[in-house]
There are 2 protein chains.
Amino acid sequence: MMPPAPPAAENPASDVVPDEGAAPAFSPLYQQIKTLILQRLEAGDWKPGEAIPSETDLALRFRVSQGTVRKAIDELAGENLLIRRQGKGTFVATHSERHVQYRFLKLRNDSGEYEHSERRVLECRRSRAPAEVARALQLRSGEAVMQVRRVLLFSGIPRVLEDIWLPGQTFKGLSTAQMQAYKGPTYAMFELDFGVRMVRADEKLRAVAASADQAHLLDLAEGSPLLSVERLSYTYNDAPMELRRGFYRTDSHHYHNQLN
Amino acid sequence: MMPPAPPAAENPASDVVPDEGAAPAFSPLYQQIKTLILQRLEAGDWKPGEAIPSETDLALRFRVSQGTVRKAIDELAGENLLIRRQGKGTFVATHSERHVQYRFLKLRNDSGEYEHSERRVLECRRSRAPAEVARALQLRSGEAVMQVRRVLLFSGIPRVLEDIWLPGQTFKGLSTAQMQAYKGPTYAMFELDFGVRMVRADEKLRAVAASADQAHLLDLAEGSPLLSVERLSYTYNDAPMELRRGFYRTDSHHYHNQLN
DNA sequence: CAGTGGTCTAGACCACCAA
DNA sequence: TGGTGGTCTAGACCACTGC
């Protein structure tokens, strides 16, 4: 199961290599390396946007070959947790980058282009989690949550109404000003101000009829069809960190999805 | 750019290796191998479900190392064109497999499970392509197309109404009986009966109000919200081969999407 | 048992980037 | 120029499948 591997490696004891100890079971070496790197990311040892050590460096630390480290990093890059830049290094992924701007917002106009949107925060307050929200975020019912309601405008026209729920513990102090003022993706702000990085999300889409309330905010007739997008976002370790309900006007825009 | 590579390789002249000749430009060896394999797939030399030659075999033919072939195959497997099975070989992917049954139909019930659906073909006829359809399928306007209309039922309840357009040339002879009778995915039938393999697709989602016609067929009130799913499917070489417009009832089901 | 994919190594060289 | 990721090789051994 293991190479002849000499005594120890790396710094303050902590991460030795493919090794028994209290370890769970068997898995390929590169998977174990991947897990070790993941732990560093979760722990925040390497922060979004920063470079991680070079492949050769990591190979030395972990006492494996460069190719093994490479395979671990390949998978992490494939999961959008790391970004490789030839000649420069490997970096911790962030939502601040241009080319992932629209990884989560899949609304395009009917020419197929993404459009910049303007935010209007209607509400941002601390409240208690409804049962449904608590379940999704794995909180106790009634526990504190931050609740945000906002409208996104494309070319000045309100097209998206969103309700966002966040664990109150982690997002303590989130304010309207903060939600409103930050330029760039909201998830980038979450990284900078709260140290929370969204890693993946599940979305459930439905067609619904606009309520009076929704119709008013989106400048529509009541009962007009709206695309309902319920998103549950996760950080590392599959921990749910955000529940978001969006209502999209799709009269001149659409939700684009690529099937592979 | 190249290893010391001896004279020729492989069978009847055709595919020599990383080589100048009339080749376009420079690319990594494994990319060139990938292209060669792709050409075989497109040509139908290796058919859906069949095994392709082993890695070592291909390495010998192409006169590269096994690792290089491996990397080429890795990418093709990542694109769902090939499937690796340890101990058995590498196979051309097909829509007949259990675990990709729901790669394209992303409708789940509200418990999050996929449900088996029953088909009811309402219409299957030869006609002329409307301008819009012709554009999508890259045909001339008015050119022959096969047109299918069907309803999908989940637990006996009609939930999806679909209109499908296919190039008349390629799908000549497609019949109602054929659409209706085949057990398993429609795309698997396309592979078996017409030699067409769908490789990827783009979908545009919108919320719309049900027309009288749609409402009738889906057992709904006119004006009820429906999820409109417009799908353009592609074969090899990014050639569009099917346009499909689906209307989904989402009162007890939803379209599920995973964002990575 | 032989054959196939899966892992791992060690070392060479290339392509890209920044100082 | 030196450092980083990217490609390629050759060979060893492991894990799984089926005869």
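Here the structure is a predicted model, which is why all the values come from computation and not from measurement. Atoms considered below: every heavy atom in the structure, side chains included; atoms not considered: hydrogens, waters and symmetry mates. Residue numbering restarts at 1 for every chain, and letters A, B, ... go by the order of the sequence lines.
Between B:I33 atom CD1 and D:dG6 atom P there is a gap of 20 Å when expressed in whole angstrom units. A straight line from CG of B:D74 to P of C:dG5 spans 12 Å, rounded to a whole angstrom. Counting to the nearest Å, the C1' atom of C:dG5 and the CG atom of B:L76 are 16 Å from each other. Here the P atom of nucleotide C:dT4 and the CD atom of B:Q66 are 11 Å apart, to the nearest Å. One can place CG of B:L29 at 15 Å from C1' of C:dA12, the figure rounded to the nearest angstrom. A straight line from CZ of A:F62 to C1' of C:dT7 spans 18 Å, rounded to a whole angstrom. Spacing between atom CD of B:Q31 and atom P of D:dC8 amounts to 9 Å, rounded to whole angstrom units. Rounded to whole angstrom, the span from the CG atom of B:L58 across to the P atom of D:dT9 amounts to 14 Å.
Using modelled atom types, one finds a donor on one side chain and an acceptor on the other under 3.5 Å when comparing B:R150 with B:T186.
Between atom OH of residue B:Y187 and atom CE of residue B:M241 there is a gap of 11.0 Å, rounded to the nearest 0.5 Å. Atom CZ of B:R63 and atom CD1 of B:I33 lie 12.0 Å apart (nearest 0.5 Å).
Under 4.0 angstrom from either OP1 or OP2 of C:dT7 there lies at least one side-chain N or O belonging to A:K71. Put simply, B:R70 has a side-chain N or O that comes within less than 4.0 Å of OP1 or OP2 on C:dG6.
Comparing D:dC8, C:dT9, C:dC8 by their nearest atom to the side chain of B:P28 picks out D:dC8.
With a 4.5 Å cut-off on side-chain heavy atoms, B:Y114 and B:Q101 do not count as touching. Here the side chains of A:I37 and A:L81 are not in contact, with every heavy-atom distance at 4.5 Å or above.
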Indicate every side-chain donor-acceptor pair of residues 82-91 of chain A with a distance under 3.5 Å to a residue at least two apart or in another chain.
unit_1, atom_1, unit_2, atom_2, d
A:R84, NH1, A:D74, OD1, 2.4
A:R84, NH2, A:E55, OE2, 2.0

Hey, can you pull the donor-acceptor pairs under 3.5 Å for the side chains in residues 189-202 of chain B, sequence neighbours left out?
unit_1, atom_1, unit_2, atom_2, d
B:E191, OE1, B:T94, OG1, 2.6
B:E191, OE1, B:H95, N, 3.4
B:E191, OE2, B:H95, N, 3.1
B:E191, OE2, B:R197, NH1, 2.8
B:D193, OD2, B:Q178, NE2, 2.9
B:R197, NH2, B:N80, O, 3.1
B:R200, NE, B:D238, OD1, 3.2
B:R200, NH1, A:Q258, OE1, 3.3
B:R200, NH2, B:D238, OD1, 3.0
B:D202, OD1, A:H256, NE2, 3.3

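Remark: B:Q86, B:G87, B:K88 in residues 78-90 of chain B come within less than 4.0 Å of DNA chain D through at least one heavy atom. Residues from residues 47-57 of chain A with heavy atoms under 4.0 angstrom of DNA chain D, sorted by number: A:S54, A:E55.
For A:K34, the side chain to side chain donor-acceptor pair (under 3.5 Å) partners are A:E75, A:E79, not counting sequence neighbours. With sequence neighbours left out, B:N109 forms a side-chain contact (heavy atoms from CB on, under 4.5 Å) with B:S111, B:E113, B:E115, B:H253.
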